[in-house]
Every structure is written in C-alpha cells, then in structure tokens.
Amino acid sequence: MILPMTIRTRNRILFFLMFISMTLILGLGIISTTQHLTGKFTEPDAIPAQLLQRAMPFRFHFMTVIMAIFILLIYAFINFLYINVEFEKTQSTKIIYFAVYLIGCLAESARLCVPLMNLWHSSSLVASLCSRIVLFGRTIAPLSLLFAVVYNDDKHRQDIEQNLVILLIVSIVIAKIIPLNTAAMLPVCRFGWGGSALFTTMRYIIIVVTAISQILLAIQSNVGSKYPYGFLLLAAGYMILCDTYCPAEFVAGTAAIISGTFIYLKNLHRMYFLDDAF
C-alpha cells in the first residue's frame, strides 16, 4: 500500500530531505576541507584536451568541479527550506515534483566520493555505485520536471503517489541497466557510461519538451506567464553544473540556476496565491 501524499505527509518528507541536505553539506564540507588542508584530497592525473582550453575562463580547474557539486547541495537545501515554508499549506503537485528534482541535485554529492576516497584508478563496487547514483539523479531530475507539467492539474492530483513510484522505478532501472565504462574515471568525478551521447540528448529533449509545454500552458492560462522562462534558466543552470569543467561554466551555471529558480518559484507562488484567493 502506497502512503497517501497528504499535505502533512509531504511537509514531513520535505523536512526530512532538508535535514539530509544540510547533513550532506556540513559532513562533506568538513571532510573535504580537512582532506584538502592535509593534502589527502586527490585530483585527476590526466585532463583530456577541450575546446578553448588555452583561454583562462575555459581552462579545466578541478576546484570548479567540486564547487559546482556544493552549489547544487546548497541550492537543494535552500529550496527545500523555502518550499517547506512558503508552500506549507499549498496542495501543489508542482512542488512535489520540484522536490523530486531537488533529490536529483542531491545525488550529485556521490561524485565527491571519488576525490575523498581516491577512486580515480579504481573500478570497485563503491566507484560504480557512486556513478550509478549520479546516473539515477540525472534521470529523475528532468523526468520529474516533465511530470510537473504533464500531471499538474487537479484531476491528476490523486495519482501523485503512483506517479512518484513510476519516477523512482524508471530512474532506478535506467541507472542499473546503462553500462559503465569502468576503465577510466572522468575528471568530473564519475565513470563514463555507454551511450552517453544518446542519454544526454534524451535529457535535453525532455527539458525542451517540458519548456515548450510550460510556455503553451502559460499562454493558455494567462497566469504566472513568466515562470516557464524561469524554468528554462533553471534547467540550463542545472545541466551546466552537472558537468561543470571550468570557471566560465561554473559562473554561467550558478547564475542561471539561481535566477531561474527565483523566477520560477516566485511566479509559481503568485499563481497558487491567486488561486487560493479565489
């Protein structure tokens, strides 16, 4: 039997996720700082050549990879806190799916195990598990944003529990069946995976389809017309930060995800506030 997603249950889950994200930030932050100061924080040995590598803003810098992961963790924590306060009494399916997207952001923390545990030349179960957790997160994040558009009306509210189960099962299956290239660890702290180009393309397609659907719904409803554009920035920032390679990507990704989320949630809050008023 699936636990009914009442407002009270949702708020308890959000509080738990907020606690988990805060624990990850503090725990990983302290361990990473300690290892960095003691010289035990390892870095990749070889960096593959990239376009514009000679230009300073586009040159690979390992600390930008680490900073991008922590930005996603802090971002998830702040947003869990915000929606737990501002949407505490709002029965919104969009907020539930947004919280699932934030879980995808938290999954990026698994990449920190590579430098912390010196897994650069390891094909162990731990290294594989970390990469599959990342793969899980990168599957569930765009899918949850898509579900927020497809199943956002009142008639689908009663199906929220089974939709969440579908999201989890699909993401776990994909993370499990996609083969990992355990021969080499990428400088962004994860194994490469089979069909990487196809997987990335599908993620972009999901984001584009979701964005178009958001815009069309906003035009039809004439309410909260700005939040689809906030979604575009949010999604772009998330995709950039997932594989940030250099300072330019870090700055662009951070600016996009913060500004996009601000616009998205501000207009979403206004839209539900107007609904409640009437």
Side-chain angles (χ1 to χ4, degrees), residues 21 24-79 101-102 104-121 130-131 133-135 137-138 141-142 184-193 196-197 199-201 203-204 207 229-264:
S21 57
L24 285 173
I25 293 169
L26 293 176
L28 292 173
I30 292 172
I31 296 172
S32 298
T33 302
T34 302
Q35 289 207 1
H36 179 71
L37 293 175
T38 57
K40 296 180 180 179
F41 195 80
T42 58
E43 299 189 11
D45 298 329
I47 309 300
Q50 295 287 320
L51 186 65
L52 302 176
Q53 187 70 273
R54 293 184 179 182
M56 183 61 186
F58 302 98
R59 190 178 301 167
F60 175 81
H61 199 295
F62 185 63
M63 285 310 297
T64 60
V65 177
I66 303 303
M67 289 168 63
I69 297 173
F70 275 103
I71 283 293
L72 288 171
L73 288 176
I74 296 170
Y75 165 80
F77 168 72
I78 292 174
N79 279 287
Y101 151 75
L102 294 177
C105 294
L106 289 180
E108 295 295 321
S109 63
R111 290 195 282 149
L112 287 172
C113 292
V114 176
L116 291 177
M117 302 176 67
N118 194 15
L119 300 175
W120 296 107
H121 305 288
C130 291
S131 292
I133 291 174
V134 174
L135 188 53
R138 296 191 186 186
M185 184 71 72
L186 299 179
V188 289
C189 307
R190 63 171 177 83
F191 286 132
W193 38 66
S196 178
F199 178 73
T200 302
T201 301
R203 291 175 74 220
Y204 277 110
I207 293 297
Y229 308 106
F231 167 81
L232 277 173
L233 283 172
L234 175 160
Y238 165 74
M239 297 291 280
I240 293 171
L241 287 175
C242 277
D243 278 319
T244 287
Y245 207 80
C246 62
E249 290 180 338
F250 174 75
V251 172
T254 302
I257 199 170
I258 291 175
S259 58
T261 304
F262 175 79
I263 296 170
Y264 181 80

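In this chain, residues are counted from 1 in sequence order.
- Of all the heavy atoms in L106 and S21, the pair that sits closest is CD2-CB, 3.6 Å.
- When all heavy atoms are compared, the tightest approach of A107 to V134 is O-CG2, 3.9 Å.
- With a 4.5 Å cut-off on side-chain heavy atoms, T254 and M67 do not count as touching.
- Listed for the R111 side chain is a donor-acceptor partner under 3.5 Å among the backbone atoms of V188.
- The line from CZ of F250 to CG of L241 is 7.5 Å long, rounded to the nearest 0.5 Å.
- Listed here is the closest heavy atom pair of A76 and C105: CB-CB, 4.5 Å.
- Panel note: side chain S32, backbone G29; no donor-acceptor pair is recorded below 3.5 Å.
- Distance CD1/I25 to OH/Y75: 13.0 Å, rounded to 0.5 Å.
- The distance from atom CG of N79 to atom CG of L234, rounded to the nearest 0.5 Å, is 8.0 Å.
- With contacts defined as side-chain heavy-atom distances shorter than 4.5 Å, the pair L116/Q35 qualifies.
- In this structure a side-chain-to-backbone donor-acceptor pair under 3.5 Å is missing from T244 to A68.
- Residues satisfying the ring-ring contact (aromatic ring centres under 6.0 Å, His included) criterion with F41, sequence neighbours excluded, are absent altogether.
- Put simply, the side chain of T261 never gets that close to the backbone of I258: no donor and acceptor are under 3.5 Å apart.
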Margin query: Set out, in order, the CA-CA distance, both residues' side-chain angles and the distance that settles side-chain contact (heavy atoms from CB on, under 4.5 Å) for S196 and W193, then state yes or no.
Written below: CA-CA 5 Å; S196 178; W193 38 66; 3.7 Å; yes
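- When all heavy atoms of L73 and S109 are compared, the pair lying nearest together is CD2-CB, 3.6 Å.
- Atoms CG and CD1, on L233 and I257 in that order, are 10.5 Å from each other to the nearest 0.5 Å.
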Subject >> Trace of the side-chain contact (heavy atoms from CB on, under 4.5 Å) decision for D243 with R190 >> reply: CA-CA 10 Å; D243 278 319; R190 63 171 177 83; 3.4 Å; yes
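- Side-chain contact between F60 and V65 is present, with at least one heavy-atom pair separated by less than 4.5 Å.
- Here I31 contributes atom CD1 and C113 contributes atom SG; the two are 9.0 Å apart, rounded to the nearest 0.5 Å.
- Taking CH2 from W120 and OG1 from T42, the interatomic distance works out to 6.5 Å, rounded to the nearest 0.5 Å.
- For C242, the side chain to side chain contact (heavy atoms under 4.5 Å, CB included) test picks out E108, R138, R203, Y238, with sequence neighbours left out.
- With contacts defined as side-chain heavy-atom distances shorter than 4.5 Å, the pair F77/L24 does not qualify.
- Using a 4.5 Å heavy-atom cutoff, the side chains of C189 and F62 are in contact.
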